[in-house]
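To start, the structure under review is shown below, and the notes come after it.
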Amino acid sequence: MIRFAGDSGDGMQLTGSQFTTATADAGNDLATFPDFPAEIRAPAGTTYGVSGYQIHFAAHDVMTPGDTPDVLVAMNPAALKVNEDVLKPGGLLVVNTGAFTTNNLKKAGYETNPLEDGTLDRFRVLALDVTKMTLESVKHINLGAKDANRCKNMWTLGLMYWLFARERDQTIAWLKKKFEKRPELAEANIAALNAGHVYGENAELPHGINAYEVPAAKLTPGVYRNVSGNEATAWGLVAGAQLAGLEMVYGSYPITPASNLLHNLARLKHFGVTTFQAEDEIAAVTAAIGASFGGAIGVTGTSGPGVALKSEAIGLAVAAELPLVIVDVQRGGPSTGLPTKTEQSDLFQAVWGRNGDAPLAVLAAATPGDCFYMAIEAVRIAVQYMTPVMLLTDGYLANGAEPWLLPDLDSLQPFPVKHYDDPEGFHPFLRDEGTLARVWAVPGTPGLEHRIGGLEKHRDTGHISYDPHNHHLMTQVRQQKIAGIARDLARAKVDQGEDHGDMLVVGWGSTYGSISQAVRLLRSKGHQVSHLHLRNIWPLPRGLGELLRSFNSVLVPELNNGQLVKLLRAEYLVDAESLTRVTGQPFRIAALVEAVEERLQRSDK
Amino acid sequence: MIRFAGDSGDGMQLTGSQFTTATADAGNDLATFPDFPAEIRAPAGTTYGVSGYQIHFAAHDVMTPGDTPDVLVAMNPAALKVNEDVLKPGGLLVVNTGAFTTNNLKKAGYETNPLEDGTLDRFRVLALDVTKMTLESVKHINLGAKDANRCKNMWTLGLMYWLFARERDQTIAWLKKKFEKRPELAEANIAALNAGHVYGENAELPHGINAYEVPAAKLTPGVYRNVSGNEATAWGLVAGAQLAGLEMVYGSYPITPASNLLHNLARLKHFGVTTFQAEDEIAAVTAAIGASFGGAIGVTGTSGPGVALKSEAIGLAVAAELPLVIVDVQRGGPSTGLPTKTEQSDLFQAVWGRNGDAPLAVLAAATPGDCFYMAIEAVRIAVQYMTPVMLLTDGYLANGAEPWLLPDLDSLQPFPVKHYDDPEGFHPFLRDEGTLARVWAVPGTPGLEHRIGGLEKHRDTGHISYDPHNHHLMTQVRQQKIAGIARDLARAKVDQGEDHGDMLVVGWGSTYGSISQAVRLLRSKGHQVSHLHLRNIWPLPRGLGELLRSFNSVLVPELNNGQLVKLLRAEYLVDAESLTRVTGQPFRIAALVEAVEERLQRSDK
Amino acid sequence: MSPNPPKKDYTRQDFTSDQEVRWCPGCGDYAILAAVQRTLPSLGASPENTVFISGIGCSSRFPYYMNTYGFHTIHGRAPAVATGLKLANPELDVWVITGDGDGLSIGGNHLLHVLRRNVDLQILLFNNQIYGLTKGQYSPTSQVGKVTPSSPLGSIDQPVIPTRVALGAGAKFVARAFDTSKQLTDALTAAKQHKGASFVEILQNCPVFNDGVFDLITDRKTGPAHQLWLEHGKPMRFGANGERGLRLSPTTLRLEAVTLGRDGVTEQDILVHDETNPALAWMLTELADVVALGVLYRQEGPVYNEDLSAQREAAKKRFGKPDLHALLRQGHTWTVS
Amino acid sequence: MSPNPPKKDYTRQDFTSDQEVRWCPGCGDYAILAAVQRTLPSLGASPENTVFISGIGCSSRFPYYMNTYGFHTIHGRAPAVATGLKLANPELDVWVITGDGDGLSIGGNHLLHVLRRNVDLQILLFNNQIYGLTKGQYSPTSQVGKVTPSSPLGSIDQPVIPTRVALGAGAKFVARAFDTSKQLTDALTAAKQHKGASFVEILQNCPVFNDGVFDLITDRKTGPAHQLWLEHGKPMRFGANGERGLRLSPTTLRLEAVTLGRDGVTEQDILVHDETNPALAWMLTELADVVALGVLYRQEGPVYNEDLSAQREAAKKRFGKPDLHALLRQGHTWTVS
Ligand SMILES: Cc1ncc(C[n+]2csc(CCOP(=O)(O)OP(=O)(O)O)c2C)c(N)n1
Ligand SMILES: Cc1ncc(C[n+]2csc(CCOP(=O)(O)OP(=O)(O)O)c2C)c(N)n1
Ligand code: SF4
Ligand code: SF4
Ligand SMILES: [Mg+2]
Ligand SMILES: [Mg+2]
């Protein structure tokens with residue numbers, strides 16, 4: 001596991017993603033965790049301007065970017081300051097001494113130079129003047145000082161490629177393409193990349209530092225690519241609309257970390273996707289509702305504060321029984337909170353955050369690649385049940401990338417929508433007896449002219465009704481319709497381990513990787529622990545209660561202050577215990593293992 | 001129990017409230033339930049234009065307006081149509097035959113005249129041409145036809161006064177005052193009132209109809225008035241602000257049934273109350289937050305859809321830890337729903353309807369008069385814990401009136417606020433060790449200049465902090481602060497019955513009256529049933545879990561689809577059962593009794 | 001998307017739904033409803049391709065009474081819902097019905113943005129200077145001093161001028177009429193014919209909560225002296241016999257009402273209405289003695305939904321047939337075997 | 001409520017907080033911050049009685065850098081928070097900081113209403129024609145065709161003109177300046193001195209996502225030909241040597257830029273700025289060749305918080321000392337014994 005860290009301007013995200021591609025090419029399984037500052041471009045040299053990129057790769061499947069890196073690359077004192085505590089003792093620390101000036105040390109908050117005061121003795125330190133060596137390597141090309149200096153990251157990448165025996169070709173090709181219009185920059189960057197690599201080969205590196213080689217992982221055969229959650233969600237929505245045979249209108253208002261869903265979809269106009277950057281979240285969701293009224297699939301994406309603003313309008317879609325997909329890319333709260341950090345704290349809001357009894361379906365994607373399938377599922381449920389569906393992802397899924405086995409599109413089951421068109425006995429709240437979905441009659445259809453809205457409708461005529469008994473019935477129908485979705489869903493089953501035992505660890509969303517790895521570790525130690533990961537938050541899958549009761553104990557780790565755990569306790573009266581981490585970062589595997597073992601011991605006594 | 005029903009234009013609300021006053025004067029305990037149409041002024045004669053007013057009065061304490069009236073006054077066919085099913089078999093039906101024209105019968109949807117076709121045989125029918133007799137009684141006064149016709153309601157009231165042996169003085173005085181500027185109208189209305197009374201005295205009423213006399217109820221001695229929930233809430237807020245020694249800013253946007261909170265407060269400028277009719281709910285709540293930042297107590301009132309819109313901003317108050325009171329006068333949902341009907345379906349929204357982990361305190365008033373005390377309590381918690389507090393009332397409490405023993409203001413405990421003013425070691429997130437409340441430092445105070453906002457703050461400096469560990473701590477502190485409020489609260493205890501037994505009926509909000517009466521009835525039948533009514537929804541009172549577990553079963557009746565019941569199950573793992581009614585109307589006592597007995601029998605087997 | 005229906009001669013009845021109209025007796029909304037139901041057939045509209053979208057308020061009940069498609073949404077959001085509907089199906093003829101509270105209080109921002117984007121819609125704002133449905137609180141168009149339940153000592157809010165808000169937002173069609181005016185039909189017709197967002201303010205009497213606020217303008221007797229009906233290219237004259245008119249004071253750059261024949265004022269001095277001049281439209285939004293009615297401003301401009309369709313077509317041309325398989329394989333892929 | 005502090009001679013330092021400024025190098029926000037910190041001492045402001053309220057955006061980070069009271073609220077709502085604060089304590093000097101997204105997109109409605117109510121605030125809108133904080137999407141002021149991540153084929157939204165939105169809302173003080181203009185200080189001073197809501201649009205360069213959009217106007221070389229700095233009562237002249245000016249075309253009722261000495265144009269032909277004329281202000285919001293800067297419009301008018309205070313005093317006089325005991329007993333009561 002390796003972590004690149006430097007100033008926002010140092011190009012660490014590019015370095016990291018190049019390294020990722022090269023590693024994937026080498027056949028390793030991997031997971032990444034980009035971590036950038038909240039400021040657009042913070043002043044150079046400050047700790048809050050540090051940008052990081054962590055990659056975990058291994059011969060076995062990798063589920064998370066890993067707890068503590070083995071290698072840390074620190075391009076300046078601030079990057080060291082921010083990250084020195086996460087590097088594993090004995091880990092390899094690569095620092096650019098060229099940036100360790102008095103001024104930079106001060107900005108980073110160092111009183112003395114850590115390279116000299118012994119504080120780094122616990123690591124294997126490789127202190128190199130990367131700046132100087134980079135400038136050397138490009139001086140034959142006629143560049144300004146700024147541009148020359150910018151090649152530092154490629155020099156470093158070259159060194160890392162050597163260390164991990166990675167190929168440089170793909171990065172060289174990428175650089176040529178990127179700097180097509182400024183070939184001198186391409187040349188310089190390639191020169192720096194090669195120089196770094198050569199340095200690794202030739203330099204007498206201190207004892208204990210030498211080329212690693214990680215053998216290729218055993219992955220399912222097929223074509224792979226790296227995918228981030230926001231890419232996969234966007235493509236899944238497009239696939240869902242295609243499977244339904246509908247045009248899609250995506251209404252959104254930019255917000256971190258959901259904005260690039262909008263960006264990704266804006267490029268897909270030729271797929272029948274209309275993106276609408278609205279004046280605010282309320283307009284975004286109501287435009288999507290208008291589009292659904294018009295017969296398209298209306299979709300809206302945002303993050304927690306945006307969902308809060310949309311909640312009144314989502315209630316309208318519940319009452320009017322229109323299809324709608326709401327993607328909530330969760331981030332740290334409450335309020336503006338920690339906009340660039342991840343969290344799973346919108347579950348309550350998703351399930352219950354509306355006025356009145358306003359049930360809808362809630363799904364949660366488990367990995368970046370899973371976002372693709374859950375987005376399709378969200379569209380399916382929305383159109384088949386005429387209901388809003390909330391799809392929960394989070395900042396970690398949205399920006400983290402993982403190698404993804406590309407889906408076989410032909411194997412996806414279409415669910416074509418036929419808008420209603422029969423005037424005979426028509427009223428807008430005619431229901432399908434099985435799904436309880438009402439008919440979807442679309443403006444433009446002769447003979448089906450009708451009016452809908454947020455006032456209560458009569459069950460048998462679709463007209464406004466203030467009748468007390470009818471309201472009771474309609475409240476119940478709305479609830480039953482959502483509960484009935486569970487009939488379509490697979491029964492609950494564990495993702496790893498037996499269907500009974502000492503402990504069931506129940507997770508949801510982006511903790512999939514860490515829980516899965518922790519459970520694997522626990523099981524290899526002989527513990528009778530299983531893992532179940534919920535993708536259907538509401539309604540919950542059938543058989544879940546039984547399954548929970550088949551274990552001596554249930555632990556629910558969440559990146560929030562305990563939300564799913566309350567749902568499970570209320571539904572099944574099972575004494576599920578909560579494990580919370582609200583640090584804006586994924587669970588550390590070691591912490592999970594420790595928490596489980598501690599509990600298992602406790603119950604042994 | 002008596003129900004007046006007629007066209008919106010027939011003055012039924014006035015008639016009802018006059019009867020209420022006269023009944024209170026007679027020393028009866030009572031409860032009322034006004035029920036008016038959603039349309040401002042629907043066309044005459046239609047069923048959806050029927051306006052009703054129900055009063056329950058008795059010698060013992062009255063908790064609800066009653067299930068089925070003993071007397072129904074129907075001023076036209078539509079009023080009969082809407083209400084004929086609720087009148088008790090054998091009950092007294094007073095109808096105005098003058099309004100039973102073919103046209104009106106048709107508008108009401110009657111094929112044949114119910115006065116003639118035998119459908120009313122199950123009642124004691126008193127069919128009088130009220131229109132004609134009213135016109136007779138006022139013909140000596142020179143009035144237009146319209147004005148003369150409008151006196152019908154007073155004629156009817158006079159008859160009812162005779163039937164129940166009520167005094168007319170106070171109504172006469174009120175009429176004189178009301179029509180001060182048009183004495184001829186006062187005269188006419190009084191003439192009609194008297195004529196109706198005289199009619200009762202002299203007419204040979206059919207067999208079985210004669211003057212009732214309900215003896216005075218045994219009420220706690222003291223000064224009483226009738227009060228509606230929205231009046232009591234407004235006065236309680238004012239009292240709370242006085243006890244805190246603060247000015248109050250009430251930001252609101254009109255919405256049924258919360259609007260008259262704004263109206264009531266707008267008249268109290270001289271009490272240091274500033275009302276601000278904002279452009280929308282978001283501006284209403286953010287203005288209240290701005291006022292709290294400025295050192296006043298910011299209050300905002302609305303109904304469910306408005307709370308939905310405010311949820312993002314409420315999160316800001318949670319994050320900034322500012323006092324704020326949000327009054328949610330609940331109505332039928334989802335979406336626009338049934339705006340003029342009552343419901344208790346915003347509990348989930350109140351407790352959990354926000355992005356992120358954003359805990360706050362939630363209170364619920366049980367009766368119109370209780371709104372006064374709960375509003376004070378909301379202000380107290382808000383300022384002592386520097387937190388938003390949601391106060392739940394509903395349309396039934398808001399508009400229903402009950403006789404209210406006026407509080408002894410001197411006995412209310414003041415809780416004066418002292419804004420912080422010590423620059424020594426100051427930062428805005430300094431906390432009280434006991435309550436965990438942060439200091440309230442107000443602009444204008446020299447030396448305490450500081451910045452707050454929705455981004456995460458550092459626990460020890462109050463500056464923006466992206467530190468993962470700090471966020472975890474702050475998330476926990478926010479939760480602990482709210483949980484800690486329970487220390488201040490009385491331990492959970494039953495409102496009626498023993499603290500153990502066969503069944504505990506747990507209610508909250510406006511169902512107090514019906515549950516209380518139902519439990520009284522059940523206990524008088526020998527059942528071991530107790531009643532506990534929650535006023536503190538979040539945090540829940542200490543000792544509640546134990547208490548719940550001291551009963552063989554727990555039943556939670558709610559005017560929603562089952563919300564509090566989920567909270568209790570999640571918190572205490574008690575198999576509490578839900579009883580729901582979502583008809584926009586209070587529980588019927590008989591239905592409650594039946595539901596409880598059915599369950600008790602079931603568990604006997 | 002919408003099928004091309006066989007042309008039919010529709011009548012007012014075809015646009016009238018079977019729902020009983022539930023406004024108070026005497027409400028100005030009746031006259032507006034009648035005008036719309038009367039006008040639509042003459043504009044070639046068909047019930048199945050016509051949609052009325054409203055927010056919440058007395059006025060927003062409007063769609064229920066039209067035998068067309070209709071959506072009674074939530075308070076203030078009708079312009080955004082209508083925008084979304086036009087994005088899904090630009091062929092539909094979409095009308096937005098809103099009130100002074102719905103459109104200028106809670107919904108002010110959506111109105112601003114739908115107007116600046118110039119989405120092809122007709123927006124009818126029923127201005128009764130009051131919140132009708134919630135029983136009579138002052139609204140953003142109520143006059144200062146208005147006593148209502150929420151302003152027992154009189155409102156201190158400065159009112160907005162709806163047509164001015166529209167111009168400020170960049171609206172390209174701004175008109176004004178009143179509920180019972182026979183020219184309301186003309187305004188509706190012009191609005192429908194205009195491509196882009198057409199904003200029509202309709203002064204509407206609320207006999208229950210704000211009776212008579214527009215009487216001076218709408219009354220048969222006093223009206224003519226206070227109604228200036230605009231016609232493009234015609235001198236701006238008003239008064240029972242057209243004896244008055246508007247002149248531009250060159251020194252103060254303000255419009256002033258003058259009487260022909262008095263102080264030497266002749267027909268030549270009267271300013272001619274140019275509906276394409278934004279500055280003139282701005283001056284006409286608020287005059288001292290008289291209310292400008294009819295089309296204040298009309299200007300062709302790029303229409304949002306048209307530009308969008310064009311962009312969509314261009315994208316299709318440029319990127320070819322949508323191919324999800326290829327999309328997923330864009331960028332770097334590798335094969336594990 | 002606020003104590004009367006001992007008068008002190010404050011300096012720029014007294015208004016500078018200890019927080020490190022975190023905007024991108026070269027961001028126009030730095031110049032605006034410096035101008036505000038420099039100007040406040042000269043206006044008799046004191047740190048403890050001054051409050052900066054902002055929404056969300058790069059610009060909305062502003063309060064953190066001022067050593068005054070500050071509240072970084074939520075996106076778009078600063079005008080409403082500021083209104084509430086003024087209601088609680090009218091003595092405070094309250095500034096609102098917002099961006100083109102914060103103030104005109106999500107917050108457009110609050111801006112409209114705070115301006116029409118004329119609450120006594122200074123509102124500075126940093127217009128960089130882009131959403132900075134969310135990394136460069138087009139904003140309501142971005143030009144048509146702007147390519148951004150959310151408009152890869154170019155934006156099709158017609159932009160609003162912020163000063164025009166303000167006038168449409170009924171604003172009584174409307175000014176414009178740019179980040180590095182030395183006259184920004186004058187605009188801030190005038191805004192502060194105006195009683196009521198003062199709206200100042202500040203053109204601000206975002207070097208990262210929208211570099212140079214205002215270069216033509218702000219550049220040392222090209223600027224003078226495109227900056228018209230307004231002064232009340234002075235002819236509206238511009239150009240490096242004041243050789244150009246604005247004239248009202250009497251036929252078209254439009255402003256046109258002319259060159260003195262050319263085509264017989266003399267000083268007399270140049271229109272004199274009258275900052276109290278709303279129609280002129282309207283015309284000045286959008287000119288063809290040149291940008292009007294300085295105070296476009298200024299007009300005294302009733303101030304919301306003053307009217308409210310007056311009404312509160314009147315109520316106190318009329319209803320006397322607040323007596324809760326008596327209040328509860330108003331209306332009908334009875335005694336049970
Ligand atoms: C979110 C929300 N807030 C408030 C309301 C209450 N409400 C309904 S209509 C209305 C104002 C109506 O005024 P206007 O738009 O002028 O319509 P009118 O009734 O006068 O035709 C209000 C405040 C609501 N339904 N929803
Ligand atoms: C409710 C909500 N929606 C969206 C966002 C995301 N967001 C933050 S700032 C911003 C726009 C900022 O643009 P502008 O006001 O022009 O400020 P600038 O950054 O350009 O100074 C957006 C969309 C948010 N924080 N909250
Ligand atoms: S309240 Fe006024 S606007 Fe509403 S229906 Fe009645 S008269 Fe019309
Ligand atoms: S993104 Fe633009 S506006 Fe934001 S701080 Fe950077 S330069 Fe300034
Ligand atoms: Mg209105
Ligand atoms: Mg901006």
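Protein chains get the first letters and strands the later ones, always in sequence-line order, with residue 1 at the start of each.
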Chain A interface, residue from [options] that has the most non-hydrogen pairs under 4.5 Å:
options                                : answer
B/Ala576, B/Gly337, B/Gly306           : B/Gly337
B/Arg478, B/Lys457, B/Met474           : B/Arg478
B/Asn470, B/Leu347, B/Leu455, B/Leu568 : B/Leu455
B/Thr340, B/Asn560, B/Asp467           : B/Asn560

Set out, in order, the CA-CA distance, both residues' side-chain angles and the distance that settles side chain to side chain contact (heavy atoms under 4.5 Å, CB included) for A/Asp346 and B/Arg354, then state yes or no.
CA-CA 8 Å; A/Asp346 291 348; B/Arg354 283 165 297 284; over 6 Å; no
Measuring heavy-atom distances to chain A, does [X] have an atom under 4.5 Å in its side chain, in its backbone, in both, or in neither?
X        : result
B/Ser465 : backbone
B/Arg331 : neither
B/Pro339 : side chain
B/Ile282 : side chain
B/Val574 : backbone
B/Glu343 : side chain

Ignoring hydrogens and geometry, is there a side-chain-to-backbone donor-acceptor pair from A/Gln349 to B/Asn355 under 3.5 Å?
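Yes; judged by distance alone, with no hydrogens or angles, the pair exists.
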B/His472 side chain vs A/Arg581 backbone, donor-acceptor pair below 3.5 Å
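Such a contact is absent between B/His472 side chain and A/Arg581 backbone.
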Answer yes or no: is there a side-chain heavy-atom contact under 4.5 Å between B/Thr336 and A/Glu456?
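With C-beta onward as the side chain, the pair stays apart.
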Roughly how far, to the nearest 0.5 Å, is the [atom2] atom of [Y] from the [atom1] atom of [X]?
X        : Y        : atom1 : atom2 : answer
B/Ser335 : A/Glu312 : OG    : CD    : 6.5 Å
B/Asp35  : A/Tyr466 : CG    : OH    : 12.5 Å
B/Tyr572 : A/Leu573 : OH    : CG    : 14.5 Å

Apply the test side chain to side chain contact (heavy atoms under 4.5 Å, CB included) to residues A/His471 and B/Thr583: give CA-CA distance (whole Å), side-chain angles for both, the deciding distance (0.1 Å), then the verdict.
CA-CA 6 Å; A/His471 178 54; B/Thr583 58; 5.9 Å; no
So which residue, A/Gly333, A/Ala317, A/Ser345, ends up with the most heavy-atom pairs under 4.5 Å with chain B?
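Counting heavy-atom pairs under 4.5 Å, the top option is A/Ser345.
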Return the option, out of A/Val307, A/Leu338, A/Leu316, with the maximum number of heavy-atom pairs under 4.5 Å with chain B.
A/Leu338
Cationic N near anionic O, under 4.0 Å, B/Glu571 to A/Lys566
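Judged by the 4.0 Å cut-off on N to carboxylate O distance, B/Glu571 and A/Lys566 do form a salt bridge.
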Would you please say whether a donor-acceptor pair under 3.5 Å links the side chains of A/Gln563 and B/Asp357?
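Yes.
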Taking salt bridge (charged side-chain N to carboxylate O under 4.0 Å, His left out) as the definition, give me every residue that meets it alongside B/Asp328, ordered by chain and number, with sequence neighbours left out.
none
